[in-house]
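Chain letters run A, B, ... following the sequence lines, proteins first, then strands; residues in each count from 1. Nothing here was measured: the structure is a model prediction, and the numbers come from that model.
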Amino acid sequence: MQSDFSNSSGITHAFSELLKKVEKPGRYTGGEHNLPDMNKKAGVRMCFCFPETYEIGMSNVGLALLYSSVNSREDFVAERCFAPWTDFADAIRERNIPLMSVETKKPLKDFDILGFSVQHELIYTNILYMLDLAGIPFYAKERGEDFPVIIGGGPCSVNPMPYADFFDAVLIGEGETATAEFGELYRKHKNCGAFKKADFLKDAASIRGFFIPSLPKGTPVKKAFVKDFDALLPPLKPLVPNIEIVHDRAVVELYRGCRSGCRFCQAAFFYRPIRERRLETVKKILFSLIDNTGFDEITLASLSTSDYSGLKELMDNVKPVVKARHINLSLPSLRLDSFFAEYTDSSRKSSLTFAPEAGTQRLRDVINKNVSDENITSSITQAFLNGYRNVKLYFMIGLPTETEDDLFGIVEIVKKIRALYREINRRNDLTVTVSTSVFIPKPLTPFQRERMISEDDAAAKQNLLKNALKPFKGVSYRYHAADSSRLECVMARGGGELSAVIETAYKSGCFFDAWGERFNREKWEDAFRICGIDPSVYLAEIPAGKELPWDFIDFSVRKAYLEREREKAYEGETTDGCFKKCNFCGAECAFK
Amino acid sequence: MLTVKYKKIGAAVYISHIDIYRAIYRGIRRANLNVAYSRGFNPHAELYLSPPLPLFVYGACEYFTADTDEDADVFFARYAAAAHALLPPVNVFYTVKNPNLAGKIFSADYVFEMRKPDAEHGFLNAREKRSNKQDLSAKRGEQDPADGFDSRNASAKYDKPYASAGPDTRNIMAETVERLLSAEHIPYVNRNGKEKDARPYIYSAAPANNAINAGFAFANIHTADNAIKTDLSFTNISAVNGTVKSGIDSANPRAAAFNKTEFVPAITNTADRAINAGLNAANIYTVSNAIKINIDSVNLRADVVADELKKLSGVPVLAVTKTAQYVKTADGIIDADEYLRSSN
Ligand code: SF4
C-alpha cells in the first residue's frame with residue numbers, strides 16, 4: 001500500500017486521521033523550526049533511525065550533528081525516524097502501513113541508506129521493532145538488493161557483536177566524518193550503474209571505522225574519530241522541536257574525551273583522544289544557537305566540564321549575553337572545586353548534584369575517581385553558603401574490592417554533609433537524596449573483565465544502606481530493586497550468539513526495555529532458555545587471557561594499558577588525569 | 001501592549017496550547033525582542049494568548065499579546081523574520097492595555113471542510129513532494145480574502161483529486177446546514193464529563209459558497225508546472241487573491257510567465273512553501289464542500305460540531321479552521337481585529 005502522506009504540510013488527511021488515534025501526534029508530524037530543505041535534488045536519501053521515542057531521540061546531540069552534516073552536503077538528504085509509541089505502531093499495523101520517516105512520510109524501505117543509532121544496551125530489541133514495523137527482514141543476510149543498506153553506530157559500537165548481524169555495516173566510533181565518506185562511496189557505486197550491495201560493502205570496509213559483519217574478520221577494525229574537532233562545526237541552526245522533549249535545550253560540546261580516567265567509565269576511554277574546541281569556536285556556536293533556536297537553556301556539555309581549559313574566560317564572555325537574553329546556562333558534570341563555588345553563586349539554586357561514586361577514599365582510589373574528602377567538604381561548604389538546600393548524591397555499589405566499610409562510608413558522607421549544613425545555616429531543612437546503581441563492567445574499561453555482583457548481594461547492600469540511612473531526617477535513599485541492569489551487562493559483554501536471544505525476546509513482546517515498567521524479565525529469561533544460552537556466564541568474571549568479543553577492534557587505547565590500570569586498581573594506586581603529562585594509553589592526543 | 005495576529009497551520013495543529021506558547025516565545029527570543037518577563041525562580045516571557053484551539057483545528061486568526069515597548073512595525077518585522085514557519089504572523093495591533101482576548105472572546109467562525117460525498121478514502125498520490133523552505137516575508141496588515149483559508153491549512157484534504165463538483169455536493173452542504181439549524185437538541189459530553197446540549201451555542205451556519213475561498217488546498221497546486229498554464233481558470237485564481245504568485249518557481253519559464261499576471265500578493269508569506277509542495281491544477285474548482293458556522297467558542301468546541309456534521313451529512317469532515325473570532329462589547333459583537341483597533 002502506498003503510504004506517501006506528504007504534501008505542503010507533510011500531512012495528508014489520511015495521516016491526520018491516523019494521528020487522531022495517538023496520544024502525542026506531535027511526535028510524528030515533523031514541521032520543526034529550522035527544518036532543512038527536503039525538496040533538494042538528492043542522489044542519496046538517508047534516514048537516521050533512532051530506536052527510542054521522539055522526545056529522547058531529539059534530545060540526542062549525535063543525531064542532530066549527523067542529520068545536519070548530511071543535509072548540508074550536496075546531493076544528500078537525511079530524514080529522521082523514531083521508534084513510534086505503541087499507539088502509533090498499532091494504528092499503522094492495523095492499516096498495513098509501513099513505518100515511515102518524519103519529514104516526507106516515506107517508507108523506511110524506500111531509502112538508500114538507513115542509519116540506526118545504538119545508544120545503549122537495552123535498545124537492541126527496539127531496532128527489531130522498527131525494522132518489523134517497516135516491513136524489513138531482521139538479518140542483513142535476509143535482505144536482498146531491494147532493501148536499503150542498513151548501518152548501526154553510536155556508543156554501543158564499542159561491542160557491536162550482539163546486534164551486528166542485523167546490520168550490513170557497523171560504524172565503530174564517531175560518525176560525523178565517517179558517515180560522509182560512507183555516503184560518498186555509496187553515491188559512487190550507485191552512479192556507476194548496477195548497484196551491488198556486496199561490492200559496495202567490500203569497498204566500505206576500507207573506510208576507517210566500518211565493520212562489515214558479513215566479511216571474514218581480518219585486520220582489526222580501527223575506531224573512527226573526528227581528527228579536527230575544532231573545525232567540525234555542529235549545526236548552527238539545529239531543529240527546534242514543536243513538542244516538549246527530554247532535554248529541551250541547545251547544547252554546545254566543549255571537548256571530546258576525558259582527562260580523568262575513572263576505571264569504570266567507558267566513555268572516558270571510548271572518546272579518546274582528548275580534543276578541545278577553541279574558545280572562539282565555542283562562542284561562535286553558542287551565540288548562533290541563541291539567535292537560531294530561541295531555547296531558554298543552553299548546556300555546555302562534555303564529560304567533565306571543569307576540565308575545559310577556557311572555562312573561566314568563556315563564562316566571563318557569555319554570562320552577560322545569556323542574562324540579557326533570559327537564558328539559563330547549565331554546566332552539568334562540574335567538579336566540586338573553587339570554580340564551582342564561584343559559578344554557583346549566581347546560578348539558580350536548585351539542587352546540588354554530586355557523584356562521588358564510592359563512599360571511602362580507598363575505594364575512590366581503586367576506581368580512580370579523583371575526589372577527595374577535602375574536596376567534598378570544602379565545596380559543599382561553599383554551596384551551602386551560596387544557599388543550596390538540596391543535595392543529590394550518586395554512588396555505585398558492587399564495585400571491585402568493595403566491603404561493608406565502603407558502604408558505611410556513604411553514610412559517613414551523608415552525616416558530614418548534614419553536620420556542615422547545620423553548622424552553616426543553623427537549620428534542619430536540608431534534604432539529601434542518595435541514589436545507588438549497581439556497577440556494570442563495561443567493555444573498553446580497566447574493569448571490563450570484572451564480575452557483576454549477584455542480585456542477592458545487591459539486595460543485601462541496598463538493605464544495609466536503607467537501614468543505615470533510615471534514622472536521618474531529610475535523607476532519602478533510592479535504588480532500583482530488580483531492574484534491567486543485569487541484561488545491560490549481558491548485552492554489553494556478549495557476542496554474536498546473542499542476536500538470536502534479542503530476536504526471540506522481541507518476538508515474544510519485549511521492546512522499549514529501557515522503560516522500567518515495560519521491561520519484562522520473565523520473557524527475557526525465557527528467550528535465553530529457548531536459545532540455550534546461560535546469561536550468568538556474561539555476568540561472571542572473565543578470566544584473563546580469554547578473548548573478548550570486542551578484541552577485533554582497535555580503539556587506539558592499548559589492551560595492555562587497560563590491564564595495567566586494573567592491576568593498579570587492586571594495588572590501590574591512582575593514575576593522574578591527563579593534565580600535566582600523558583599516561584601513554586595509546587590514544588593520539590594532539591596536545592601531549 | 002502589542003497584539004500579533006497569526007495563523008496556525010500545517011503540523012502546528014498537532015501541538016498543544018503550551019507548545020504554541022513555547023514556539024512563540026522562542027520566536028521572540030530569536031528575534032531578540034524586549035518583552036516583559038515574569039518574576040520568580042523560572043522567569044518566562046509574559047505572553048497572553050487568545051483561547052486555545054483544540055488539536056487538529058487550524059487557525060486563521062489566532063492572537064498573542066506581549067508587554068513590550070518596541071515599535072509595532074519593528075516588532076512585527078523582526079518577529080516575522082524569526083517566527084516559526086507554521087505560526088506565521090499576519091498583523092499587529094497596538095493597544096493601551098492588555099486586551100485580554102482569552103477572557104473576552106465570545107464566539108468564533110469555523111469553516112468545516114467536508115469530503116466530497118463520493119470520494120473514496122485513500123492515501124494521497126506519491127507525486128507530491130514537500131518543501132521545507134521557510135521563507136517568511138510577511139508584511140504587516142496582509143490579510144486573507146474574507147473567507148480565505150490559509151493555503152496550507154487544509155492539509156491535503158483531497159485525497160482524491162476532484163474531477164468536478166456536481167450540484168449534489170452543494171445540496172448536501174445545504175441540507176446539512178438545515179438539519180443542523182433545525183435540530184432541537186444536540187447532546188454532547190463536555191470537558192467536565194457533563195451531558196450538555198450544543199444547540200444553543202450554534203448561532204449561525206451556512207454553506208461556504210466557494211471551495212477556493214473556503215478550503216483551497218495548496219497541497220494540490222503544484223509540480224505540474226505546465227498544468228498551471230493549461231488548466232487553471234483565471235477566475236478561480238483571482239478568488240484566491242493571488243496566493244499563487246509567490247509560490248511559482250520563477251526559474252521555470254512557464255511559471256515566470258505566469259508570475260507576470262497581476263495578482264495582489266496577499267498571503268505570499270505562506271504560499272511559497274505550499275506551492276512547491278504539490279500543485280495539480282486539475283484540482284482547482286469552485287466546489288461547495290464547506291460549511292461555515294458561528295459558535296459560542298467558550299462553551300462549545302469545534303470538534304463537537306465536526307462530529308455532528310459528520311453524523312448529519314454522512315460525509316467526513318476533512319479539516320476545520322477557525323476563521324474569525326468575536327468579542328462582545330456594549331456596541332454588539334465585533335470582530336477581534338476591530339476590537340483591537342478600537343482599543344488603542
Ligand atoms: S594517556 Fe595520553 S594519549 Fe591517552 S588520553 Fe591521556 S593524554 Fe591522551
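- The number of heavy atoms from other shown groups lying within 6.0 Å of NZ (K323(A)) does not exceed 12.
- By the neighbour-count criterion of 12 heavy atoms within 6.0 Å, atom NZ of K190(A) is densely surrounded, having more than that number from other residues, nucleotides or ligands.
- Counting heavy atoms from C-beta on, the side chains of R325(A) and N32(B) come closer than 4.5 Å.
- For chain B, no part of Y28(A) is nearby; none of its heavy atoms comes within less than 4.5 Å.
- For K24(A) and D19(B), the salt-bridge test fails: no basic side-chain N is under 4.0 Å from an acidic carboxylate O.
- Of the listed residues (P25(A), G294(A), G26(A)), the one with the most heavy-atom contacts under 4.5 Å to chain B is G294(A).
- Side-chain atoms of I327(A) and R29(B), non-hydrogen and from C-beta on, do get closer than 4.5 Å to each other.
- Between E244(A) and I18(B), the closest side-chain pair of non-hydrogen atoms is not below 4.5 Å.
- Closest approach of G30(A) and A11(B) over heavy atoms only: O-CB, 3.5 Å.
- Among T29(A), I243(A), N242(A), V22(A), the single residue meeting the side chain to side chain contact (heavy atoms under 4.5 Å, CB included) criterion with Y14(B) is T29(A).
- Heavy-atom minimum distance, G31(A) versus L86(B): O-CD1, 3.4 Å.
- Relative ring orientation between H33(A) and H84(B) is described as tilted, the plane-to-plane angle lying within the 30° to 60° band.
- Between R26(B) and T293(A) there is no side-chain heavy-atom pair separated by less than 4.5 Å.
- For I28(B), no part lies near chain A; criterion is any non-hydrogen pair under 4.5 Å.
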